[in-house]
Amino acid sequence: MTNQHHSTQPKTKVAHSGIWSYVIGFVLAVTLTLLAYVIVVNHLATGFTLLATLLGLAAVQLLVQLVFFLHLGRDKNSRWNVASFYFMLLVLVIFVGGSLWIMSNLNYNMMMSPEEMNKFMLDQSMRGF
Amino acid sequence: MSHHLAPAVETEAEIKEQLDTKSLGFWIYLMTDCVLFGALFATYIVLHTSTFGGATSHDLFNMPFVLLETMVLLVSTFVCGMAILAAHAGRKQLTLILLGATFLLGATFLGLELSEFSKLASEGHGWWASGFLSAFFTLVGTHGLHIAVGLLWIGVMSWQLYKRGFTPGVTRRLILFSLFWHFLDVVWIFIFTIVYLIGVA
């Protein structure tokens with residue numbers, strides 16, 4: 001009985017809020033994209049500040065699209081979707097973060113920056129290696 | 001008796017349960033695809049300074065062009081959402097029109113991307129030129145390949161919708177397709193930021 005109650009009510013609610021969810025998501029996504037673009041094209045920031053700002057804007061836009069377009073976590077039955085999403089994030093952090101850490105460590109232990117390594121490889125290939 | 005023999009019409013609850021199960025399966029596929037893209041992003045970030053004396057990301061990318069690509073894909077994902085709403089409302093013709101618009105925008109995006117690729121390759125900055133360009137073409141090309149598969153999917157689905165109307169199977173595929181298409185836009189946010197914006201900054 002209660003089950004029936006639950007399944008009929010949210011359906012109409014989704015239909016009503018649906019179009020606004022997409023419109024809000026779209027406006028926010030366009031704004032965030034343009035903001036990041038303007039910052040880069042007009043050189044409004046440099047170095048670490050720029051990197052942090054751009055990655056921050058990308059992360060916010062990720063959240064916007066997950067919530068307003070993909071509707072992650074809206075349905076009460078989507079617990080497993082949310083769980084697998086968090087698990088994917090964990091895997092990404094471990095292996096993307098880990099790869100970058102290992103590679104920068106490697107460069108450090110070779111006593112060379114990637115640019116110097118690049119130059120070294122180029123010199124070697126000029127010599128016919 | 002007949003209740004047992006006939007492959008009875010699916011009840012609403014059964015359809016809902018099937019959609020939940022299949023959409024979870026599809027969602028898990030999308031999560032594994034995220035891991036695939038994660039590997040390509042890691043490769044790109046490690047290799048993006050390995051230009052082998054050739055052009056760097058500062059020299060190559062045409063930002064207004066990339067912004068246009070980004071906006072086309074964003075509008076496409078929005079229109080796709082509208083198509084799903086139209087499908088929920090049971091409006092077949094409107095759904096078909098919106099799916100057509102999604103297809104055209106997606107095809108425009110793919111066309112822009114391919115023209116960028118061919119311009120780079122014809123100027124000698126192809127995937128063979130350096131580690132940086134190999135990683136670039138692999139990452140952006142894999143995203144483009146997903147878009148191409150999505151276009152094929154829209155085509156098949158529109159045909160099914162046109163022929164059969166809103167059967168449970170067609171509606172389910174429509175919803176799963178919208179997940180796929182939104183997901184591709186999410187991946188593009190990171191390509192736009194990490195490859196292009198940070199590349200020219």
Side-chain angles (χ1 to χ4, degrees), chain A residues 3-4 7 11 14-15 18-19 21-23 25-26 29-30 32-34 36-37 39-41 43 45-46 50-51 54-55 57-58 61-62 65-66 68-70 72 75 77-78 80-81 84-85 87-89 91-92 95-100 103-104 113-115 117-119 121-122 125-126, chain B residues 12-13 16-17 20 23-24 27-28 30-35 37-39 41-43 45-54 63-64 66-67 70-71 74-75 77-82 84-85 88-89 130-132 178-179 181-183 185-186 189-190 192-194 196-201:
Chain A
N3 223 336
Q4 265 182 347
S7 65
K11 210 173 177 183
V14 165
I19 191 156
S21 162
Y22 282 104
V23 170
F26 180 69
V30 168
L32 288 163
T33 303
L34 288 177
Y37 181 80
I39 289 173
V40 167
V41 171
H43 308 289
T46 49
L50 179 69
L51 209 62
L54 291 178
L55 290 177
L57 286 172
Q61 189 168 172
L62 168 69
Q65 297 213 8
L66 278 178
F68 292 104
F69 290 168
L70 285 160
L72 183 61
D75 198 341
N77 295 328
S78 68
W80 283 105
N81 293 40
S84 59
F85 176 72
F87 179 66
M88 181 276 291
L89 280 188
V91 171
L92 275 190
F95 110 100
V96 175
S99 300
L100 298 182
M103 292 312 285
S104 73
S113 68
E115 288 77 15
M117 176 54 107
N118 197 26
K119 193 168 170 303
M121 296 289 279
L122 199 61
S125 80
M126 296 292 186
Chain B
E12 184 127 1
K16 173 101 172 69
E17 195 184 311
D20 282 348
S23 81
L24 177 61
W27 180 260
I28 289 172
L30 290 181
M31 295 301 102
T32 58
D33 230 18
C34 283
V35 175
F37 276 107
F41 272 111
T43 312
I45 295 169
V46 167
L47 287 178
H48 83 282
T49 50
S50 308
T51 52
F52 202 57
M63 288 316 283
V66 176
L67 184 67
T70 307
M71 289 302 165
L74 198 54
V75 174
T77 206
F78 175 73
V79 174
C80 173
M82 295 296 104
I84 297 304
L85 290 181
H88 277 311
S130 67
F132 153 63
S178 80
L179 289 180
W181 207 244
H182 294 321
F183 160 77
D185 196 51
V186 171
I189 301 170
F190 287 93
F192 180 63
T193 304
I194 292 175
Y196 291 104
L197 288 179
I198 294 179
V200 300

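The line from CZ of B:Phe132 to OG of B:Ser50 is 10.0 Å long, rounded to the nearest 0.5 Å. Within the model, atoms NE2 of B:His182 and OG1 of B:Thr77 stand 4.5 Å from one another, a figure rounded to the nearest 0.5 Å.
Across B:Leu197 and A:Ala36, no two heavy atoms sit closer than the pair CD1-CB, 3.6 Å.
For A:Leu62, the parts sitting under 4.5 Å from any heavy atom of chain B are the backbone and the side chain alike. Looking at A:Gln65, only its side chain comes within 4.5 Å of chain B, counting heavy atoms on both sides. In this structure, chain A has heavy atoms under 4.5 Å from both the backbone and the side chain of B:Phe52. Residue B:Val66: no heavy atom, backbone or side chain, is found under 4.5 Å from chain A. With a threshold of 4.5 angstrom between heavy atoms, B:Tyr196 does not approach chain A through any atom at all. Looking at B:Thr32, neither its backbone nor its side chain comes within 4.5 Å of chain A, counting heavy atoms on both sides. No part of B:Ala89 comes within reach of chain A, as not one of its non-hydrogen atoms sits under 4.5 angstrom from that chain. At a 4.5 Å heavy-atom cutoff, the contact between B:Thr49 and chain A is made by backbone and side-chain atoms alike. For B:Leu30, no part lies near chain A; criterion is any non-hydrogen pair under 4.5 Å.
Judged by distance alone, with hydrogens and angles left aside, the side-chain atoms of B:His48 form a donor-acceptor pair with the main-chain N or O of B:Ile45 at under 3.5 Å.
Using a 4.5 Å heavy-atom threshold, the side chains of A:Asn81 and B:Trp27 count as touching. Counting only heavy atoms from C-beta outward, the side chains of A:Leu32 and B:Ile189 never approach each other to under 4.5 Å. Considering only heavy atoms from C-beta on, A:Gln61 stays 4.5 Å or farther from A:Leu57 through its side chain. In this structure the side chain of B:Phe41 never reaches within 4.5 angstrom of the side chain of A:Val96, judged on heavy atoms.
In this structure, A:Tyr22 has its ring center under 6.0 Å from that of A:Phe69.
The candidate from A:Phe26, A:Phe95, A:Phe85, A:Tyr37 with the greatest count of non-hydrogen atom pairs under 4.5 Å with chain B is A:Tyr37. Listed options B:Leu74, B:Thr193, B:Asp185 were ranked by heavy-atom pairs under 4.5 angstrom with chain A; first place goes to B:Leu74. Ranked by non-hydrogen atom pairs under 4.5 Å with chain B, the options A:Val30, A:Leu50, A:Val91, A:Val41 are led by A:Val30. The most heavy-atom pairs under 4.5 Å with chain A, out of B:Leu179, B:Leu67, B:Thr70, come from B:Leu67. For chain A, the option among B:Cys80, B:Gly131, B:Ala42 with the highest count of heavy-atom pairs below 4.5 Å is B:Ala42.
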